[in-house]
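Order of the sequence lines fixes the chain letters, A, B, ..., with proteins taken first and strands second; residue numbering starts at 1 for each chain.
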Amino acid sequence: MPAKKSPAKKAPKSMPYEQGAWAHVFAPRAPGERRYWLIKSEPDVFSFEDLERAPKQTTCWDSVRNSSARNFMRDGMKKADLAFYYHSNAEPSGIVGICEIVREGYPDYTAWDPSHDYFDEKSDPDMPTWYMVDVKAVKPFKTMVALPEIKGDPALAEMALVKVGRLSVVPVTPAEWEYLCALGGVA
DNA sequence: GCCAACGTTGGC
DNA sequence: GCCAACGTTGGC
């Protein structure tokens with residue numbers, strides 16, 4: 001018997017993400033390595049078409065108020081990474097296009113604007129709570145890939161999108177990326 | 001409109 | 001530090 005067997009260690013409620021399940025998406029990169037993401041937006045609020053019509057086809061991805069999503073944007077995403085553009089709360093919901101990270105994490109100033117819907121009085125400009133990135137439309141999917149199709153596909157069963165439903169920013173593996181681009185007709 | 005999942009808050 | 005209450009996301 002081991003001299004001192006500590007009782008089964010419970011996973012801390014909030015593990016630092018550098019050691020958590022997503023450690024690999026924050027890990028140092030090989031030279032030139034590109035990583036992949038998925039970002040959600042309700043099309044009634046801001047659709048992929050809206051992004052294509054925006055000046056320079058670019059927008060700041062503001063108003064995210066979830067710490068996991070924030071961490072992905074602040075510390076995970078790097079310039080030239082690509083992201084699927086996902087329409088949530090839509091009929092049907094699904095992936096409709098591809099965009100590129102064109103500016104890395106910087107403070108989400110909407111958190112400091114009392115007139116803004118997502119004003120957060122606890123976000124201090126000297127120590128910002130919330131971060132965002134800038135994304136630019138790259139191209140639409142030829143055929144959207146709807147959520148039921150994703151959920152029904154064994155090759156995609158491990159997607160963070162499926163596993164952690166409610167997160168608005170999630171990582172995508174290179175294999176999932178290739179596979180979904182093929183499904184979307186943009187391989 | 002309902003509800004599952006889960007993060008956050010606050011009482012103790 | 002625990003945990004119940006509450007809020008949010010987003011599928012269905």
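- Distances shown here put every side-chain N or O of Lys40(A) at or beyond 4.0 Å from the OP1 or OP2 atom of dT9(C).
- Using modelled atom types, one side-chain atom of Arg34(A) and one backbone atom of Ala80(A) make a donor-acceptor pair closer than 3.5 Å.
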Please output the side-chain donor-acceptor pairs of residues 172-187 of chain A that fall under 3.5 Å, not counting sequence neighbours, one pair per line with the distance.
| residue | atom | partner | partner atom | Å |
| --- | --- | --- | --- | --- |
| Thr173(A) | OG1 | Glu176(A) | N | 3.1 |
| Thr173(A) | OG1 | Glu176(A) | OE1 | 3.3 |
| Glu176(A) | OE1 | Thr173(A) | N | 2.9 |
| Tyr179(A) | OH | Asp153(A) | OD1 | 3.1 |
| Tyr179(A) | OH | Asp153(A) | OD2 | 2.6 |

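- Proximity of a side-chain donor or acceptor of Arg70(A) to a complementary backbone N or O of Arg65(A) within less than 3.5 Å is not detected.
- What separates CD1 of Ile39(A) from C1' of dT9(C) is a distance of 16 Å, to the nearest Å.
- The separation between Ile150(A) atom CD1 and dG10(C) atom C1' is 14 Å, rounded to whole Å.
- Protein atom CZ of Arg65(A) is 14 Å distant from nucleotide atom P of dG10(C), rounded to whole Å.
- Under 3.5 Å, the side chains of Tyr131(A) and Asn71(A) contain no donor-acceptor pair of N or O atoms.
- The interatomic distance linking Phe72(A) (CZ) with dG7(B) (P) rounds to 11 Å, in whole Å.
- Lys151(A) places its NZ atom 8 Å from the C1' atom of dC12(C), with the value rounded to the nearest Å.
- Across all strands, Ser168(A) comes closer than 4.0 Å only to sugar-phosphate atoms, never to a base (heavy-atom distances).
- Between Arg166(A) atom CZ and dG11(C) atom P the separation is 12 Å, expressed in whole Å.
- One finds a side-chain N or O of Tyr86(A) lying less than 4.0 angstrom from the OP1 or OP2 phosphate oxygen of dG11(C).
- For the atom pair Lys79(A) NZ and Arg103(A) CZ, the distance stands at 10.0 Å (nearest 0.5 Å).
- OP1 or OP2 of dT8(B) has at least one side-chain nitrogen or oxygen of Ser67(A) nearer than 4.0 Å.
- To the nearest angstrom, P of dC2(B) lies 16 Å from CG of Asn89(A).
- A salt bridge links Arg29(A) to Asp81(A): one of the charged nitrogens lies within less than 4.0 Å of a carboxylate oxygen.
- Applying a 4.0 Å cut-off to non-hydrogen atoms, none of the residues of residues 157-164 of chain A approaches DNA chain C.
- Remark: the backbone N or O of Phe46(A) is paired with a side-chain donor or acceptor of Ser41(A) at under 3.5 angstrom.
- Between Glu42(A) atom CD and dT9(C) atom P the separation is 8 Å, expressed in whole Å.
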